[in-house]
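In listed order, ligands and their atoms are each counted from 1. None of these values were measured; they are calculated from a predicted model. The analysis underlying the following values was restricted to heavy atoms, covering all of them including side chains, and did not include hydrogens, waters or symmetry mates.
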Amino acid sequence: MKHVYIDTMGCQMNKSDTERMLGMLSHFDYVEVKNPEEADLLMINTCSIRQLSEDKAFSAIGTWGKWKKEGKDIKIGFCGCVAQQKAEEIFKRAPYVDFVLGTHKIYSLPEIIKKINAGERVCECTETNATEDNLAKEYNIERVKGVNAWIPITEGCNNFCTYCIVPYTRGRERSRMPEIIIKEAQDALNAGFKEITLLGQNVDSYGKDFKDRNYRLAQLLRDLNALEGKFRIRFVTSYPTDITDELIETAIELDKVCEYYHIPMQSGSSEVLKAMNRRYDRETYAKIVQKIRKMVPDVTITSDFIAGFPGETEEQFEETLTAIDEFELDYSNVAAYSPREKTVAAKWVDKYIPEDIKDKRFQRLNDKVKENCLKSNKKYVGREMEILVESFYNHKGKNIITGKTRNNKTVHVPCDKDLTGEFVNVKISGAKTWYLQGELI
Ligand code: SF4
């Protein structure tokens, strides 16, 4: 038995890649350990969405490099988005790294392991326009234990928003074959998972690239909904103008598909949206959100926003604050703008917003999100809702279960029994900023 430690940074897509890599490594008798000091193979799965994440990755592997120099018999792998982007450059900056593995080539890992064991140093970062579903069939996935299985349905993105590194690190959009996705979902359900989340940078354009069949997200939802047993289905992330009426209607009609949409708006100002190369303006976004709210009772709509995009004026920033109020966004992820190499906006150095102003806008945006989140949570006090229990723990001497409602609200409930993985009906008794309090019915 050998031991592998993987440090996973960034988004769910990276977490999903890590689960796939662990599945491949199990064929080489590797078992995952949580302590890097116990590992024979150390890997970092990097994120390049912000400069800070990239810097953190190099600082994390520095310690491993030191261990190697001191004579510890270990192999080190540098994977993920930064690897895809920097390729061979990684060896210059971190000469102790044994292999560099980009996002396009994760199914090369078995070959890489053979090569590094034979003493070679490997860089596998060539871009590909194909998904690797045939290879995916050959390997199991070592999923992190829990109730929610994340399944990528698309990889990459064609949108080229001017701030975003994803099209450069994950490549052009490719849809995975429905048969593979359905099999992965069935395997996860057989293993006891109770929720399937379909994952992609832009899930609504799923299937657009299939040349020989007309099969889109709505059809995939129907086929997954038909699988046996009680479980939930979610899908993230949605690009505003790609959400079709057919998709909304199908999601309503299917009992397992939850009332939850994550629709990044990024800015409340139409001018800034144009500069970001988003394909909608404030009014268009408003119409989409209003339509979903009208059609889907109790729907939760969440979003993403960037503070301090190059050239953003105070008035334009305030439009973002008013958008969060006006569209009653239930929760939003916020980030301060971080220039990323290769992207269009990174070149607009003369329009960069000074750090102190950007930080203040980021803080104000956070405050607005908090305010709206609490407002949204308060709507559910007194209601009876079903939660899927995700964890059981003791907090200050009290046993608690925590679960999610269909519309993705977190609920904490006092309970002495571990009900993880079960569907439980609760009465909502209180609302805090980030969660609801409930009681068993
Ligand atoms: S839609 Fe825009 S922000 Fe989202 S992944 Fe694609 S390029 Fe990046």
- Query: Residues two or more places apart in sequence or in another chain: which of them pass salt bridge (charged side-chain N to carboxylate O under 4.0 Å, His left out) with Lys294?
  - Reply: none

- With the threshold set at 4.0 Å, does a side-chain nitrogen-carboxylate oxygen contact exist between Arg340 and Glu54? yes

- Item | Check ion pair Arg383-Asp298 (N to O, under 4.0 angstrom) | yes

- Item | No-hydrogen, no-angle side-chain donor-acceptor test under 3.5 Å, Ser270 and Asp281 | no

- Query: If you take all heavy atoms of Trp434 and Asn377, which pair is closest and at what distance?
  - Reply: C-ND2, 4.0 Å

- Pull up every protein N/O/S atom sitting under 2.8 Å from atom 2 (Fe) of ligand 1, skipping waters. Cys161 SG

- Message: Which residue in the set Thr154, Asn159, Val166 passes side chain to side chain contact (heavy atoms under 4.5 Å, CB included) when paired with Asn202?
- Response: Asn159

